[in-house]
Amino acid sequence: MNGWIGKILRVNLSTSKVSTEALDPSIARDYIGARGLGTKIMTDEVDPKVDPLSPENKLIFVPGPLTGTYAPSGGRYNVVTKGALTGAIAASNSGGVWGPELKFAGYDALIVEGAAPKPVYLWIRNETVEIRDAAAVWGKTVPDTTDAIRAETDDDAKVACIGPAGENRVMFACIMNDLHRAAGRSGPGAVMGSKNLKAVAVVGTGAVSCADPKTFESAVMKARDKIQKHPVGGTGLRLYGTNVLTNILNQVGGYPTKNFQDAYFPTADKIGGESLAATLLQRPKGCFSCIISCGRVTKVSNKKYAGEGEGPEYETAWGFGGDCYVDDLDAITKANYLCNEYGMDAITMAATVACAMELYEMGLITLKDTGGIALEWGNAEAMVEVTRLTGTGEGFGKRLGVGSYRLADSCGHPELSMSVKKQEIPAYDARAVQGIGLNYATANGGAAHVRGYTISPEVLGVPMKVDKDTIEGKPALVILFQNLTAALDSTGACLFTTFGIGADELAEMLSTLTGVEYTTAEFMKCGDRIWNLERQWNLNAGLSAKDDALPPRLLNEPIKTGASKGMLSRLPEMLPTYYELRGWDEYGVPTPAKLGELGLTA
Amino acid sequence: MAKMLMISADKCTGCHNCELACSMSHEGAFRPDATRVHVYTWEREGFSVPMMCQHCRDAPCIPVCTPHALTRDSASGWVDLDQAKCIGCKMCVQACPFGNAIWDEQTHKVFKCDYCDGDPACAKFCPTQAIEWVDDLTATRKRKRAFSEKFKNAFSE
Amino acid sequence: MKVQYFAVLRDVTGKKEEDWQQREATVGDLLRDLVARYGRAFERWVIKDGDLWDLVIVLVNGHDVRHLQRFNTPLAPADTVVIFPPVGGG
């Protein structure tokens with residue numbers, strides 16, 4: 001096979017059995033890889049009703065066919081599992097350099113099953129796979145774990161691991177790789193912790209081969225050229241990072257503040273990408289085969305919040321910034337570092353703190369509950385401290401570790417969790433941008449912006465500008481973005497390549513690399529197929545149309561200040577059309593006709 | 001004036017595109033382990049450095065090579081490796097002070113940068129010009145000038 | 001009127017914002033005068049083929065001129081105009 005390796009590694013931690021099996025070429029063709037392949041394996045092998053933290057859940061590390069080649073910014077991998085936070089199918093996407101290493105070691109996917117009786121880590125060196133005792137590294141932060149495991153295996157080993165948060169089963173614990181990249185959302189780190197798996201260390205000395213090197217190279221050069229000529233992919237992201245969005249969202253009045261009580265932050269400029277570039281930024285960083293380099297290598301010298309690492313990205317800067325009403329970039333960056341070191345999803349962590357701040361404002365959480373920490377809006381020190389406590393699993397941090405939904409529910413007000421399917425909404429207000437709200441409500445893994453990033457057309461104007469405040473045409477637009485993204489995610493490419501290229505170029509690279517012909521239409525159909533497979537899995541897990549909802553605040557409480565003052569989300573008007581265009585019935589269930597069209601069964 | 005591969009590590013983002021271009025052009029597959037250029041990343045500091053054979057004027061690898069697989073090309077001035085003559089003794093691997101002669105466990109061969117016959121793939125694929133194929137004299141002078149500008153800026157404030 | 005600059009436009013103009021004293025009837029008039037002041041370095045981010053570049057974000061009181069009248073969007077002295085070069089993220 002080309003692009004794909006043709007082999008899947010399976011490790012059962014309950015029995016310590018290590019085995020390999022062939023990758024079925026027809027499955028590879030229909031689901032591509034990464035998100036699609038992982039979802040297909042979950043569909044075939046895992047009962048959707050399992051407890052996410054039980055040995056019956058599986059944890060699948062899976063790169064795509066483009067991963068490990070010089071397809072521009074094409075080096076990603078997914079972690080697919082049943083999300084601890086959401087109870088829904090979860091495909092967490094990460095960059096860095098770990099994914100390609102698994103390909104070079106000779107595998108298209110690593111399926112981890114069962115649970116080890118005591119802490120272990122996996123050491124994969126090409127065909128040699130060992131399950132090793134992790135007692136010496138259990139309890140260590142992500143950077144210290146990486147150092148220690150390299151000392152026992154190989155200096156150049158690529159390490160994906162959990163921090164103390166995953167070990168303690170913080171519901172939104174993530175899996176970090178290469179120190180600073182995260183398979184972030186929905187709690188894959190908690191699943192890994194429940195399997196007593198601390199890390200997966202990989203060295204791969206093999207190759208990813210190419211069906212037609214000359215035509216692949218030309219397809220790649222064409223794609224690179226388009227991305228490099230595009231102002232966003234070509235220079236904007238390298239200069240300012242994703243945090244450049246802070247001022248834009250704020251100026252259009254869609255920057256949520258104080259747990260979405262409002263959507264305009266007067267001092268946003270202090271924490272945006274421009275400020276970051278002028279103060280904490282050391283240099284840009286790129287993932288494997290990346291030509292965009294949106295990564296931010298940063299350093300905080302301020303003794304109070306000293307540290308170094310990568311980030312903050314836009315969502316993190318928003319969450320620890322406007323959402324908590326903090327405008328101290330040093331503090332925000334420190335909270336970001338803590339999330340990376342302890343292994344926690346920054347979006348959920350920040351949004352949970354914001355929710356806790358609102359509960360504190362209402363007197364439902366008191367100083368006694370927080371152990372003396374005044375969780376007031378804008379209290380940067382408090383925000384950093386409770387983040388740290390969540391990482392270490394101490395004090396009030398234990399209560400935050402369940403995420404905003406369960407926290408708010410425990411106070412009798414689940415509606416104050418700004419989440420969908422128990423996953424926290426990120427940095428774009430659904431009242432100010434109609435399409436993204438529909439995407440939040442319908443994304444299969446819970447609220448997530450990247451699943452159908454209509455901010456691009458609705459706010460930025462890429463690839464074309466649509467009015468953010470209208471609902472006409474939004475269901476179709478959201479579906480288009482969701483399907484394209486599902487297919488793109490499955491190739492191993494980075495979403496940011498879409499600042500420059502689209503389905504045509506991705507299909508061409510995929511075809512010339514693998515030797516399997518994908519037309520643009522077939523490529524998009526794979527995306528539709530993967531989306532519907534995810535939907536089915538969720539329905540079988542017990543989710544339903546009632547979970548395709550937004551918090552009442554976004555439907556009933558108009559934005560108070562800023563350019564989108566007075567707006568509400570019109571989700572109820574868009575959802576029926578969305579179901580219809582998806583080929584689903586009025587309960588959001590894929591019809592037999594739709595499933596048949598995609599080669600799926602009920 | 002000859003050409004050289006100029007490394008500007010401060011521009012390197014750790015993307016490994018150079019390794020992929022090198023292995024594809026020499027080995028016909030994507031295999032970073034078997035490349036002539038390697039990138040080392042220090043994750044905590046976020047600093048990356050690409051490294052390849054520097055075609056030294058006084059190359060320690062040449063005298064230790066008993067089958068004379070490593071020789072100086074008199075026209076280009078580059079250090080050539082003739083795989084057909086190489087016996088795989090790895091003396092060059094030990095002799096190179098930079099570690100730029102690499103032993104590949106799979107093919108049992110030594111790999112070393114050959115400047116791609118004058119059109120280096122790594123420089124073509126590097127997205128940030130951290131590796132550039134430039135005239136050696138002007139390149140080093142440009143580097144000196146670029147750094148001295150920092151003094152100018154510091155004193156102008 | 002107040003004009004605010006973001007991202008690379010801050011480097012191009014040397015400012016984050018300014019109180020623009022000249023009277024401008026439309027967005028097009030304002031942009032042409034800004035180009036006259038800041039030159040080609042500014043123009044390349046804002047104008048393509050004589051028209052408003054599709055990728056530039058110009059807001060008048062928070063509203064995107066691509067949904068108003070683009071160059072012909074009227075301006076009043078109390079308006080705030082915000083200009084972003086093409087940016088992105090996720």
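Side chains are part of it too, since the values below use all heavy atoms of this structure and drop only hydrogens, waters and symmetry mates. Each chain gets a letter, A, B and so on, in the order its sequence line appears, and its residues count up from 1.
- Of all non-hydrogen atoms in A:Ile291 and B:Asn17, the two that sit nearest each other are CG2-ND2, 3.7 Å.
- The shortest side-chain heavy-atom distance between A:Met221 and B:Phe125 falls under the 4.5 Å cut-off.
- If you tally non-hydrogen atom pairs under 4.5 Å between each of B:Ala34, B:Pro32, B:Ser48 and chain A, the highest count goes to B:Pro32.
- Contact annotation for B:Gln106: only side-chain heavy atoms (C-beta onward) come within less than 4.5 Å of a heavy atom of chain A.
- At a threshold of 4.0 Å, the pair B:Arg31-A:Glu101 does not count as salt-bridged, since none of the basic side-chain nitrogens sits closer than that to a carboxylate oxygen.
- The side-chain heavy atoms of B:Leu20 and A:Ser289, taken from C-beta on, include a pair separated by under 4.5 Å.
- Taking CG of B:Asp33 as the reference point, atom CG of A:Asp156 lies at 9.0 Å (rounded to 0.5 Å).
- Of the residues considered (A:Gly75, A:Cys210, A:Pro143), A:Pro143 shows the highest number of contacts with chain B, using heavy-atom pairs under 4.5 Å.
- Here the shortest heavy-atom pairing between B:Gly46 and A:Val297 reads O-CG2, 3.7 Å.
- Atom SG of A:Cys287 is separated from atom NE2 of B:His16 by 10.0 Å, given to the nearest 0.5 angstrom.
- In this structure, no portion of B:Cys18 lies under 4.5 Å from any heavy atom of chain A.
- Between A:Asp178 and B:Arg44 there is no salt bridge, since none of the side-chain N atoms of the basic residue sits less than 4.0 Å from a carboxylate O of the acidic one.
- Only the side chain of A:Asp147 comes within contact range of chain B, with at least one heavy atom under 4.5 Å from a heavy atom of that chain.
- The shortest non-hydrogen separation linking A:Cys290 to B:Cys15 is O-CB, 3.3 Å.
- Put simply, of A:Lys103, A:Arg224, A:Gln228, the one with the most heavy-atom pairs under 4.5 Å next to chain B is A:Arg224.
- Applying the 6.0 Å contact sphere to NZ of A:Lys222 captures no more than 12 heavy atoms from other residues, nucleotides or ligands.
- Of the atoms belonging to A:Val203, not a single heavy atom falls under 4.5 Å from chain B.
- Counting non-hydrogen atoms of neighbouring residues, nucleotides and ligands closer than 6.0 angstrom, the NZ atom of A:Lys7 exceeds 12 such neighbours.
- Considering every non-hydrogen atom in both A:Arg238 and B:Pro127, the closest pair reads NH2-O, 4.2 Å.
- Interface remark: A:Asn2 contributes no atoms to any contact with chain B (heavy atom separation under 4.5 Å).
- Atoms CZ and CD, from A:Arg283 and B:Glu45 in turn, are 9.0 Å apart once rounded to the nearest 0.5 Å.
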task: Walk me through it: do B:Glu43 and A:Thr146 pass the test side-chain contact (heavy atoms from CB on, under 4.5 Å)?
output: CA-CA 10 Å; B:Glu43 290 100 351; A:Thr146 305; 5.6 Å; no
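- Across every non-hydrogen atom of A:Ser293 and B:Thr128, the tightest pair is OG-CG2, 4.3 Å.
- The distance from atom CD of A:Gln282 to atom CG of B:Asp10, rounded to the nearest 0.5 Å, is 12.5 Å.
- Both the backbone and the side chain of A:Phe288 come within contact range of chain B, judged by heavy atoms closer than 4.5 Å.
- Below 30°, between 30° and 60°, or above 60°: for B:Phe30 and A:Tyr70 the angle between ring planes is above 60°, a perpendicular geometry.
- For B:Glu105 and A:Arg125, the salt-bridge test passes: some basic side-chain N is under 4.0 Å from an acidic carboxylate O.
- To the nearest 0.5 Å, atoms OG (A:Ser209) and CE (B:Met24) are separated by 8.0 Å.
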